[in-house]
Amino acid sequence: MDELKINVYDEDDNVIKVVAAQVVDLRFGTIRSLMELLNVDEIENSAELFTTVYAAWGKITKILAKVFPEMQEEDWDGVKLSELLPLLVKIMKGSLAQILKIPTEDKEKN
């Protein structure tokens with residue numbers, strides 16, 4: 001599974017912190033909460049995703065803090081939206097891809 005990284009920038013646009021997490025380590029409740037907030041099935045473009053993220057910012061950063069526990073509350077102000085939106089989608093898609101890889105019983109053995 002790809003590693004998730006989030007960059008924190010200072011006022012001069014320099015990266016001051018890079019925080020990483022693994023999609024495979026995410027708990028179901030974290031992904032479920034994120035999917036409920038973003039409702040990606042109904043989002044058709046980046047503008048809608050931005051509006052949704054903006055409206056639920058406090059809840060989203062609380063969820064993302066579980067994904068990136070090294071992030072401090074003030075760090076979220078230094079995250080670029082252009083990096084955050086694709087990261088949110090990557091988290092959800094990556095988690096769903098892991099679920100689809102779960103082995104199932106071979107029906108031919110019955």
Side-chain angles (χ1 to χ4, degrees):
M1 179 56 60
D2 292 339
E3 185 176 57
L4 296 173
K5 292 183 181 178
I6 193 162
N7 297 316
V8 180
Y9 296 86
D10 65 12
E11 291 180 8
D12 296 322
D13 213 26
N14 299 307
V15 176
I16 57 172
K17 187 176 189 176
V18 178
V19 182
Q22 294 290 330
V23 174
V24 74
D25 292 335
L26 301 181
R27 294 180 178 160
F28 176 75
T30 302
I31 295 303
R32 182 178 47 106
S33 297
L34 196 55
M35 290 180 78
E36 286 174 358
L37 280 173
L38 298 180
N39 201 3
V40 276
D41 291 338
E42 295 181 13
I43 293 176
E44 296 181 17
N45 59 50
S46 295
E48 286 181 21
L49 182 58
F50 170 74
T51 301
T52 303
V53 168
Y54 181 78
W57 182 247
K59 291 179 181 179
I60 289 172
T61 55
K62 186 176 178 181
I63 292 167
L64 288 176
K66 293 177 183 178
V67 177
F68 298 98
E70 294 178 28
M71 290 286 283
Q72 303 298 313
E73 189 173 332
E74 63 273 7
D75 289 339
W76 294 109
D77 289 338
V79 173
K80 291 184 177 182
L81 192 60
S82 62
E83 294 176 10
L84 182 64
L85 295 181
L87 179 68
L88 290 170
V89 172
K90 186 176 181 179
I91 288 170
M92 290 183 290
K93 285 183 178 180
S95 296
L96 292 174
Q98 284 299 313
I99 290 169
L100 295 176
K101 291 181 184 177
I102 295 173
T104 58
E105 251 184 76
D106 187 359
K107 292 182 182 181
E108 293 178 16
K109 291 183 180 179
N110 292 336

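Computed from a prediction, not measured in an experiment: that's the story for all the values here.
Side-chain contact between W76 and L64 is present, with at least one heavy-atom pair separated by less than 4.5 Å. Put simply, the side chain of F68 reaches to within 4.5 Å of the side chain of L4, judged on heavy atoms. Using a 4.5 Å cut-off on side-chain heavy atoms (C-beta onward), V79 and M71 make contact.
Expressed to the nearest 0.5 Å, how far CD of E74 lies from CG of D77 amounts to 8.5 Å.
Using modelled atom types, no side-chain atom of D12 and backbone atom of N14 make a donor-acceptor pair closer than 3.5 Å.
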Tell me which donor-acceptor pairs under 3.5 Å the side chains of residues 80-88 have, and how far apart each pair is, sequence neighbours excluded?
| residue | atom | partner | partner atom | Å |
| --- | --- | --- | --- | --- |
| K80 | NZ | D13 | OD1 | 3.1 |
| K80 | NZ | D13 | OD2 | 3.3 |
| E83 | OE1 | N7 | ND2 | 3.3 |
| E83 | OE1 | Y9 | OH | 3.4 |
| E83 | OE2 | Y9 | OH | 2.4 |

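By the salt bridge (charged side-chain N to carboxylate O under 4.0 Å, His left out) test, K5 pairs with E3, sequence neighbours left out.
The number of heavy-atom neighbours closer than 6.0 Å to CD of E11, taken from other residues, nucleotides and ligands shown, is 12 or below.
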